[in-house]
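The basis for the numbers below is simple: all heavy atoms, side chains too, and nothing from hydrogens, waters or symmetry mates. In what follows, every chain begins at residue 1, and chains take the letters A, B, ... in the order their sequences are listed.
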2 protein chains.
Amino acid sequence: MEANSRATRDASATGQAGARGRYHHGDLRNALLRAAIDLARDGGPDAVVLRAAARAAGVSATAAYRHFAGQAELLHAVKEYAQERLVDRMEESGREVEGEGVEAVVERVRALGRGYVMFAMEEPGLFRAAFCRETIGSVSLDQEGAARALSRRWESRSFDLLIETLDSLVACGKMAPERRPGAELSAWAMVHGVATLILDGPLADLGPEQVRHVIERALTDVIEGLTAR
Amino acid sequence: MEANSRATRDASATGQAGARGRYHHGDLRNALLRAAIDLARDGGPDAVVLRAAARAAGVSATAAYRHFAGQAELLHAVKEYAQERLVDRMEESGREVEGEGVEAVVERVRALGRGYVMFAMEEPGLFRAAFCRETIGSVSLDQEGAARALSRRWESRSFDLLIETLDSLVACGKMAPERRPGAELSAWAMVHGVATLILDGPLADLGPEQVRHVIERALTDVIEGLTAR
DNA sequence: GACAGATGTTTACGCCGTTAACATGGAGAG
DNA sequence: CTCTCCATGTTAACGGCGTAAACATCTGTC
């Protein structure tokens, strides 16, 4: 597989077909990242092994250090990718709901939540990677700043969808304006809780039908809670 | 530190004070488990390193294999311990609420959820261990059976509290009986979601006051959802 | 065309989990 | 009381991991 992509790149990048012994890879950073993503896809964050990614890219282990500061940074890149995929899945789910009436807006909120949990079930490895802990060790001030920036980006990427939809829930009169602030967090917590309990918690060995039921029930409950009275 | 506990154990177990060169440890399994729990406490499940636990117990790494099939089993024992601690924390929280009126019952539900999230914040390493993934690799049928049994134990230990309290929520007329089945799952999902978002998610860098706010809001929302209409 | 920096390689270190072979010592049988 | 057996410990060794250091090769620039 890696040989494939390598040959392809070789041909397209330089026209020097068959230059398989090429010393310089040409696109190693991306190759490593893709390999790491594949590792995460089946195996979760713990499976993102720098040496394995390098192996898959057909390159020595230490070559990776020319493009990533270390395993932590590679994993971080995978994490960002996984977060993007999660948001994509939510968007896809939300777009399927048309109309602007109260019913439609509520259904759109449900769809977003459903997309969230579906992503967790469809791509458990990536979902786990999206929420794995960042490099345990003492964070330097710069890294701390970066972490905070990431956290904000989290909000602005994943949350924007949710924020808009909840806003329209207020706009169409379904939700009381004074209940609006902080509603994203409850909504997010509910779907995140369902997803993680299904993946690694006590809901792990439920049948697909039961899982569907749990998801829909949780969506109903949180929406009722947010729009109560 | 390990020398300490060892000396203590030596003295208490055999009365043979100062028998430090003892070939047989006497209580190695427990010593290893305690060491592993300490590792998990600050460092989470990834920090449960068999060699480190053996080192802390003052014993060679391979000695651990006389008491645990491998690192996975050691981690599993830590996980069970962490789950017990979580339930203890919830009980402690729930017991603080007295009375049987509607107000008291609702407040008891809140207290259970609060205890759950508090445990996650007070013992993040143990909380993560309590929900870490079980040994990735292909599970044998026997192990699968065990996993299912564990899952049931999860329910019967952690859930019983919640189940009773939700039942009394119905009994006192606050919650509609037809909404009762499945309510545990929504409730659990909400508090679990809050806890994990605070530990490893985008709520990681909130101030303590904001965190308190998020928790209480989530509890309010889920209870309103469960008791709506 | 030579040189410099970017990119990749080999080698090496210490840590990890795990296996295999060996050592010890306590408990029960004769 | 002694001898033997087995539970419980030990050391040695293997392969895999992350990472650092020293070396090699390409490639763009004056």
- Item | Phosphate contact (D:dG9 OP1 or OP2) by B:His67 side-chain N/O below 4.0 Å | yes
- Query: Taking atom P of D:dT8 as reference, at what distance in whole Å does atom CG of B:Asn30 sit?
  - Reply: 13 Å
- Item | Interatomic distance where CG belongs to B:Leu74 and P belongs to C:dC16 [whole Å] | 13 Å
- Spacing of B:Asp27 atom CG relative to C:dG26 atom C1', expressed in whole Å: 17 Å
- Pair A:Arg128-A:Thr196, side-chain donor/acceptor within less than 3.5 Å: no
- Message: How many whole angstroms separate atom CZ of A:Phe68 from atom P of C:dA6?
- Response: 18 Å
- Take nucleotides 14-21 of chain D nucleotide by nucleotide from the 5' end and write B, S or -, depending on whether a protein heavy atom sits under 4.0 Å from the base, only from the sugar-phosphate, or from neither. ---BBBBB
- Work out which heavy atom in B:Leu226 is nearest to a heavy atom in B:Ala183; give both atom names and the distance. CD2-CB, 3.8 Å
- Within this structure, what is the CZ-to-P distance between B:Arg29 and D:dG9, rounded to whole angstrom? 12 Å
- Contacts of B:Leu126 that satisfy side chain to side chain contact (heavy atoms under 4.5 Å, CB included) - sequence neighbours left out: B:Ile37, B:Ala40, B:Arg41, B:Tyr81, B:Ala82, B:Phe119, B:Glu123
- At their closest point, which heavy atom of B:Leu162 faces which heavy atom of B:Glu184, and how far apart are they? CD2-O, 3.8 Å
- Task: For the residue pair A:Trp188 and A:Phe131, categorise the inter-ring angle as parallel (less than 30°), tilted (30 to 60°) or perpendicular (more than 60°).
- Result: perpendicular
- Nearest heavy atoms of A:Gly115 and A:Arg89, plus distance in Å: O-CG, 3.5 Å
- Please state how far atom CG in B:Leu39 lies from atom P in C:dC16, giving the value in whole angstrom units. 10 Å
